[in-house]
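Here's the structure, in structure tokens; my notes come after.
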Amino acid sequence: MANVLTPARLRLGVNIDHVATIRNARGGEHPDPARAAQIVAQAGGDGITVHLREDRRHIRDEDLERVASATGLPINLEMAATEEMLDIALRHRPHAACIVPERREERTTEGGLDAAGQHNRLAPIVARLSDAGIRVSLFIAPEPRQIEAAIKLSAPVVEFHTGEYAHAEGEQVAVELRRIVDMAALAAKNGIEPHAGHGLTYENVQPIAAIPQLAELNIGHYLIGEAIFCGLETSVRRMRQLMDEVR
Ligand code: PXP
């Protein structure tokens, strides 16, 4: 149930990258990420998240336009802090841009952005995206120094990397959850909207969804994986329901 501390609805951004991963395995047009975006909209998703990687291993440049015009949902473009990605973001003008660290050899986004250590590199990129009306988010570890860096960079949003929480076992789960709880409160206290994502599943989403200051979760791999068994509409609806149960 919503209260004064709780944003009315916790938004669900669905990352559809891995629809493109499957498509790319055979090189054709199927399955189409634009069709996935339409299904996400029907199923109650609030946004579409895509990560245009340097190596284009899943979403490609032409997908951005197609996905955006397939649905009225806001697009959240995950991007590395490079000139190439900045140019693309400024051309496509997504609703939001989430700056992520990117290493060519990694399987997925491993760890958060070192916003604290890269202030000078990030500052012009955050400023140019913001000047273009794009809502900038920084994908960071739930640590006070990264929030301080986000404040210095005037980023309106941070997304907490929930990978450590998702992969924790035993007593460590509560420790990792506590870090996110505390950092969501710290971000909100400083006027920054906190989001969270990475490694979230039906089993581990509810303690995160219950954090009152969080405004958005971005979830991809698990939802697309579940869609193989039950369909994308069902997997998104189930996640939506689990999130709503704890708000
Ligand atoms: N948020 C960000 C910034 C990410 O980079 C990713 C992974 O691409 C996700 C959320 C979604 O993570 P997952 O695919 O594990 O649900």
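Numbering of ligands and ligand atoms starts at 1, following listing order. The model shown is predicted, which means the values in this text are computed figures rather than measured ones.
- Contacts with ligand 1 closer than 4.0 Å are made by side-chain heavy atoms of Glu78 only, the backbone lying farther away.
- Residue-ligand proximity, Asn218 to ligand 1, at heavy-atom distances under 4.0 Å covers atoms 10 (C), 11 (C).
- For Asp17, no nitrogen or oxygen atom sits less than 3.5 Å from a nitrogen or oxygen atom of ligand 1, counting backbone and side chain alike.
- Residue contact check: Asn15 has heavy atoms under 4.0 Å from atoms 8 (O) of ligand 1.
- With a 6.0 Å radius and a threshold of 12 heavy atoms from other residues, nucleotides or ligands, Arg35 has its CZ atom at or below the threshold.
- Here salt bridge (charged side-chain N to carboxylate O under 4.0 Å, His left out) pairs that include residues 14-27, with residues two or more places apart or in two chains, are Arg23-Asp63.
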Residues 128-141, side-chain donor-acceptor partners within the protein, below 3.5 Å, at least two apart:
unit_1 : atom_1 : unit_2 : atom_2 : d
Ser130 : OG     : Val126 : O      : 2.9
Arg135 : NH2    : Glu193 : OE1    : 3.2

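- Side-chain contact between Arg179 and Glu143: present, with at least one pair of heavy atoms (C-beta onward) separated by less than 4.5 Å.
- Looking at ligand 1, you'll find an N or O of His221 within less than 3.5 Å of one of its N or O atoms.
- A donor atom on one side chain and an acceptor atom on the other are not found under 3.5 Å apart for Gln38 and Gln42.
- Close contacts of ligand 1 with Val100, meaning ligand atoms under 4.0 Å from a residue heavy atom, involve 3 (C).
- In this structure, Phe139 has a heavy atom closer than 4.0 Å to ligand 1.
- With a 4.0 Å heavy-atom cut-off, ligand 1 is reached by the side chain of Glu159 but not by its N, CA, C or O.
- At least one N or O atom of Gly220 sits closer than 3.5 Å to an N or O atom of ligand 1.
- By the 6.0 Å contact criterion, CD on Glu62 is enclosed, its count of non-hydrogen atoms from other residues, nucleotides or ligands being greater than 12.
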Test salt bridge (Lys or Arg N to Asp or Glu O under 4.0 Å) applied to Glu233 and Arg237, step by step: CA-CA 6 Å; Glu233 180 153 359; Arg237 278 194 197 284; 2.7 Å; yes
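- Between Gly199 and ligand 1, a contact under 3.5 Å exists for at least one N or O pair.
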